[in-house]
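Here is the structure we will look at.
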Amino acid sequence: MSDQSAGTNFIRQIIDADLASGKHTDIVTRFPPEPNGHLHIGHAKSIWLNFGIARDYGGRCTLRYDDTNPLKEDEEFVEAIERDVRWLGYDIDRVAHASDYFDQLYEFALELIRKGLAYVDSLPADRIREFRGTLTEPGRNSPDRDNSVEKNLAEFERMRAGEYADGERVLRARIDMASPNINMRDPVIYRIRHHNHQRTGDHWCIYPMYDFTHGLSDAIEGVTHSLCTLEFEDHRPLYDWFIDNLTVPSRPRQTEFSRLNLGFTVMSKRLLTRLVDDGVMDGWDDPRMPTIAGLRRRGFTPASVRNFIASVGITRKDNLIDMLALENAVREDLDPVAPRAMAVLRPLRVIIENYPEGETETLEVPNHPKNPDMGSRPVTLSREIYIEQDDFMLDPPEKFFRLGPGREVRLRNAFVIRCVGLELDESGKVDTIRCKYLPETRSGVQPEGRRVKGIIHWVNAGDAVDVEVRLYDRLFLEAVPLPDDEGRFSRDLNPDSLEVLGNCKLEASLALAASETRYQFERLGYFWQDRDSTRDAPIFNRIVTLRDSWAKIDSRNN
RNA sequence: UGGGGUGUAGCCAAGCGGCCUAAGGCACCGGGUUUUGAUCCCGGCAUUCGGAGGUUCGAAUCCUCCCACCCCAGCCA
């Protein structure tokens with residue numbers, strides 16, 4: 001794995017201290033997704049942390065599905081989750097499910113009841129809510145709170161046996177209805193769900209809640225450091241309460257860190273699901289999605305995602321990370337290895353008047369400007385070529401050193417040309433540019449005799465490959481998009497987040513483009529083939545643009 | 001107005017009482033190299049650490065008060 005240094009963070013410091021004090025000799029972590037959706041780059045932070053720590057400390061990290069709610073979960077997501085974790089570069093040597101522990105969890109519940117620390121409550125959901133109190137007022141005890149152990153045991157057995165309908169009974173921990181921490185006000189730990197579970201089928205009709213399940217699963221697995229996000233901080237007293245009051249095989253410790261927030265996108269599973277279900281996105285792997293699947297399809301590399309996470313670090317502070325940091329990470333990863341090629345996205349025809357009709361020549365062009373080991377390829381030049389529309393201006397402003405009437409520019413890897421005329425179409429738009437080339441300026445000939453400031457890319461018309469290119473921009477107009485009550489984005493969506501260009505011209509060598517290769521189309525950005533691509537109809541995704549200081553100057557002028 | 005957190009540059013983030021007149025990255029601004037306005041290279045970018053007091057020979061680091069922001073009232077995770 002070619003990663004930048006993982007550096008340190010407060011969690012690693014805790015682990016170092018635990019190792020130094022002898023509290024632990026082996027480090028065990030876990031990555032605990034709920035199989036109810038696809039992983040996104042926020043999960044990548046957790047994966048990087050948990051798997052990265054296990055790897056660096058010679059410990060192990062379990063992929064554990066938190067599958068305690070059969071209503072929301074589906075096996076369909078399991079495969080996708082594992083694929084995403086592997087794609088990020090981590091070996092999954094241990095897969096577990098919270099549901100593997102349902103028997104033990106049930107025994108733990110019995111132990112709690114026997115100790116007088118849990119009771120079956122017959123209050124309906126709305127009454128439980130009422131009795132819970134508010135943030136500022138204490139709650140009240142349920143009439144069932146002081147029922148005998150025997151009665152609770154019997155009632156719990158009836159719950160398990162299916163004698164009650166959903167919602168008729170719950171098992172609650174008996175803690176403190178007056179606690180300022182609402183999580184400690186006799187939280188529900190088992191509820192009835194007459195619903196098939198994706199793994200245990202109809203074996204159970206009662207299912208444990210997250211708070212009860214999570215910490216105890218950690219204890220069962222011997223997890224030493226249970227790393228989760230900040231919103232679980234208030235749950236830690238409860239996490240510890242279960243560990244303290246039950247006969248557990250180990251004592252894990254929960255530590256929280258802040259989740260990853262990226263500007264101009266959303267990270268909530270609910271909102272992402274909404275975008276997919278409403279058809280705003282072309283599926284979970286739409287290249288504009290912040291999902292792992294989306295990043296993968298877009299063309300981001302696993303190393304770039306890892307390095308990005310490493311660069312933003314692990315802390316307890318709320319954050320809003322600039323997308324530019326992610327873009328920087330891919331460019332950094334791709335620049336030294338991406339083979340270069342020439343492609344024209346918005347073609348403008350150029351006739352080289354003094355180039356003999358019917359003739360062609362072959363130029364040998366390096367695949368990488370700094371790495372000769374990457375070899376070279378033949379590129380054809382003839383009388384008719386395409387250049388980028390953006391590289392020609394009728395009335396160029398100062399500092400624009402590309403082509404314009406009477407101007408000279410170098411065709412990258414080839415000759416200098418001078419614009420000597422142009423043809424307009426009926427609408428008055430420039431249709432064709434007429435140029436003359438300077439044969440003595442052939443690329444590689446020293447001395448060149450003539451230096452021009454502008455260099456533009458081009459594609460030979462005769463053997464160009466026609467392709468579709470998809471350009472992506474930020475999904476939203478606002479750094480922090482605001483959904484409406486239904487979770488839809490009526491106004492913050494960026495209408496131009498996807499631009500499809502149909503008539504793009506690629507140099508002939510890319511007719512054989514490898515589907516796994518990420519190319520740099522010179523002066524444009526990094527591209528690779530979309531999964532929709534076929535041999536007859538190639539489609540390229542723009543992963544990210546190159547840095548563009550001209551664009552900066554240009555936008556400053558406007 | 002209860003409880004739990006967080007505040008170091010535009011965005012991240014080191015820093016853990018004295019080598020801090022505060023690392024590093026992104027962004028930004030110069031300048032150099034360059035047949036990608038890319039890459040690369042050099043330089044700039046917080047006398048100041050949310051604010052006010054205090055302790056100390058010495059504070060971003062300790063104490064007090066204040067301010068701002070985030071999280072919590074699912075039989076979700």
Side-chain angles (χ1 to χ4, degrees), chain A residues 4 7-10 13 32-34 36 66-69 71-73 121 123-125 128-129 132-139 166-172 179-185 187-193 207 209-211 213-214 228-237 256 258 263 269 308 310-329 331-332 335-336 340 342 368-370 399-402 410-414 416 441 443-444 448 451-457 479 520-525 545-554:
Chain A
Q4 292 163 182
T8 188
N9 55 57
F10 77 98
Q13 290 177 354
E34 184 187 14
N36 70 340
D66 252 336
D67 57 348
T68 61
N69 188 349
L71 259 35
K72 294 175 60 179
E73 296 143 10
D121 199 346
L123 242 30
I128 286 184
R129 191 177 315 119
R132 187 152 36 223
T134 68
L135 293 178
T136 50
E137 304 160 61
D166 290 9
E168 280 191 332
R169 295 288 186 283
V170 290
L171 181 69
R172 294 230 252 168
S179 172
N181 181 346
I182 293 188
N183 293 304
M184 300 299 271
R185 317 238 260 233
V188 171
I189 58 180
Y190 262 93
R191 76 296 216 183
I192 301 170
R193 289 257 201 275
Y207 294 95
M209 299 281 289
Y210 165 84
D211 284 308
T213 308
H214 198 84
C228 63
T229 44
L230 246 32
E231 67 270 24
F232 292 104
E233 197 162 12
D234 292 343
H235 296 242
R236 194 170 64 228
E256 312 83 17
S258 51
K269 215 181 270 181
F308 163 71
S311 78
V312 303
I314 304 287
T315 66
R316 293 172 66 85
K317 205 176 86 172
D318 285 335
N319 57 72
L320 183 62
I321 309 294
D322 199 324
M323 196 74 91
L324 293 164
L326 215 206
E327 294 183 354
N328 177 65
R331 292 190 187 113
E332 208 168 54
D335 176 64
R340 313 287 134 124
M342 291 199 286
H368 191 105
K370 288 188 175 172
K399 284 198 176 163
F400 181 85
F401 33 85
R402 276 112 94 152
R410 175 177 284 282
L411 295 178
R412 165 129 253 239
N413 297 126
V416 172
T441 61
S443 187
E448 292 168 353
R451 290 183 72 87
V452 289
K453 185 89 169 146
I455 298 143
I456 64 174
H457 58 276
Q520 184 197 98
F521 290 172
E522 290 196 89
R523 302 209 307 133
L524 296 174
T545 62
L546 256 31
R547 280 198 189 86
D548 187 350
S549 52
W550 165 247
K552 232 176 270 172
I553 296 166
D554 196 33

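Values reported hereafter were calculated over all heavy atoms of this structure, with side chains retained and with hydrogens, waters and symmetry mates removed. The structure presented is a predicted model; accordingly, all values stated were derived computationally and were not measured. Residue numbers begin at 1 in each chain, while the letters A, B, ... track the order of the sequences.
In this structure, of B/G2, B/A38, B/G37, it is B/G2 that holds the atom nearest to the side chain of A/Thr136. Comparing B/A77, B/G4, B/G2 by their nearest atom to the side chain of A/Asp234 picks out B/G4. Taking only side-chain atoms of A/Lys317, from C-beta outward, the nucleotide of B/C16, B/C12, B/C75 with the closest atom is B/C12. For A/Arg412, taking side-chain heavy atoms from C-beta onward, the closest of the listed nucleotides B/U36, B/C26, B/G37 is B/U36. Across B/C75, B/A77, B/C76, the shortest atom-to-atom separation from the side chain of A/Ala125 is found for B/C75. The side chain of A/Asn319 has B/C12 as its nearest neighbour among B/C12, B/G37, B/C76. Distances from the side chain of A/Pro369 to the nucleotides B/U6, B/C29, B/U36 place B/U36 closest. In the set B/A13, B/C76, B/G37, B/G37 carries the atom at the smallest distance from any side-chain atom of A/Arg523. For A/Val170, counting side-chain heavy atoms from C-beta on, the closest listed nucleotide (B/G37, B/C75, B/A38) is B/C75.
Atom-to-atom, CZ of A/Arg129 to P of B/A73 comes out at 11 Å; the value is rounded to the nearest Å. A straight line from CG of A/Leu524 to C1' of B/U36 spans 9 Å, rounded to a whole angstrom. For the pair A/Asn183 CG and B/A77 P, the computed distance is 13 Å after rounding to whole Å. Computed from coordinates, the A/Arg402 CZ to B/U35 C1' distance equals 15 Å when rounded to whole Å. Atom pair A/Leu546:CG and B/G37:P shows a separation of 9 Å (rounding to whole Å applied). In this structure, A/Leu230 atom CG and B/G3 atom C1' are separated by 15 Å, rounded to whole Å. At whole-Å resolution of the value, CE in A/Met184 and P in B/G3 are 16 Å apart. For the pair A/Ile128 CD1 and B/C76 P, the interatomic distance rounds to 11 Å; values are reported in whole Å.
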Dump the pairs, protein N or O against N or O of nucleotides 59-61 of chain B, anything under 3.5 Å, distances to one decimal.
none

Polar atom pairs between nucleotides 40-42 of chain B and protein, under 3.5 Å, N or O only, would you list them?
{"residue": "B/C40", "atom": "O4'", "partner": "A/Lys370", "partner atom": "NZ", "Å": "3.0"}

Could you list all N or O pairs between the protein and nucleotides 67-70 of chain B that sit under 3.5 Å apart?
{"residue": "B/C70", "atom": "O4'", "partner": "A/Asp318", "partner atom": "OD2", "Å": "3.3"}
{"residue": "B/C70", "atom": "O2'", "partner": "A/Asp318", "partner atom": "OD2", "Å": "3.2"}

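Considering only side-chain N and O atoms, A/Ser549 lies under 4.0 angstrom from the phosphate OP1 or OP2 of B/A38. Contact annotation: A/Ser311 does not reach the phosphate of B/C26 (side-chain N/O to OP1 or OP2, under 4.0 Å). For B/G74, one of the phosphate oxygens OP1 or OP2 lies less than 4.0 angstrom from a side-chain nitrogen or oxygen of A/Arg132. When the side-chain nitrogen and oxygen atoms of A/Arg191 are compared with OP1 and OP2 of B/A77, one or more of them lie within a distance under 4.0 Å. Note on A/Gln13: every side-chain N or O is 4.0 Å or more away from OP1 and OP2 of B/A14.
Residue-nucleotide stacking is present for A/Trp550 and B/G37, judged by a side-chain ring centre under 5.5 Å from the six-membered base ring centre and planes under 30° apart.
The residue A/Thr68 sits close only to the backbone: its heavy atoms come under 4.0 Å of sugar-phosphate atoms, none of a base. Looking at heavy-atom distances under 4.0 Å, A/Leu171 makes no contact with the nucleic acid at all. A/Glu327 comes within 4.0 angstrom of nothing in the nucleic acid, heavy atoms only. Here A/Ala325 lies in heavy-atom contact (under 4.0 Å) with sugar-phosphate atoms only. Counting non-hydrogen atoms under 4.0 angstrom, A/Pro124 reaches a base of the nucleic acid. Using a 4.0 Å heavy-atom cutoff across all strands shown, A/Thr213 reaches no nucleic acid atom at all.
Using C1' as the reference atom, B/C20 and B/G37 are 39 Å apart when rounded to the nearest Å. Taking atom P on both B/G17 and B/A60, the two are 13 Å apart, rounded to the nearest angstrom. Only the P atoms considered, B/G7 is 42 Å distant from B/G32, to the nearest whole Å. B/U61 sits 15 Å from B/U6 when the P atoms are compared, rounded to a whole Å.
No side-chain donor from either of A/Arg236 and A/Asn183 sits under 3.5 Å from a side-chain acceptor of the other.
B/G7 and B/C67 make up a base pair, with Watson-Crick or G-U wobble contacts both under 3.5 Å. Pair assignment for B/A23 gives none, since no Watson-Crick or G-U wobble pairing has each distance under 3.5 Å. Pairing for B/G18 is with B/C57, a Watson-Crick or G-U wobble pair whose two hydrogen-bonding atom distances lie under 3.5 Å.
A heavy-atom distance below 4.5 Å is found between the side chains of A/Arg547 and A/Asn328. In this structure the side chain of A/Asn319 never reaches within 4.5 angstrom of the side chain of A/Lys317, judged on heavy atoms.
Ring-plane geometry between A/Tyr210 and A/His235 is classed as perpendicular, the angle between the planes exceeding 60 degrees on a 0 to 90 degree scale with a lower cut at 30.
Ranked by how close their nearest RNA chain B nucleotide is to the 5' end, A/Asp67 and A/Pro180 are led by A/Pro180.
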Worksheet item: Where do A/Trp550 and A/Phe400 land on the ring-ring contact (aromatic ring centres under 6.0 Å, His included) test, with the steps shown first?
Response: CA-CA 8 Å; A/Trp550 165 247; A/Phe400 181 85; 5.5 Å; yes
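In this model, no side-chain donor or acceptor of A/Glu233 finds a partner on the base of B/C72 within 3.5 Å. For A/Arg316 and B/U6, a side-chain-to-base donor-acceptor distance below 3.5 Å is absent, hydrogens and geometry of angles not being considered.
With a glycosidic angle further than 90° from 0, B/G54 counts as anti.
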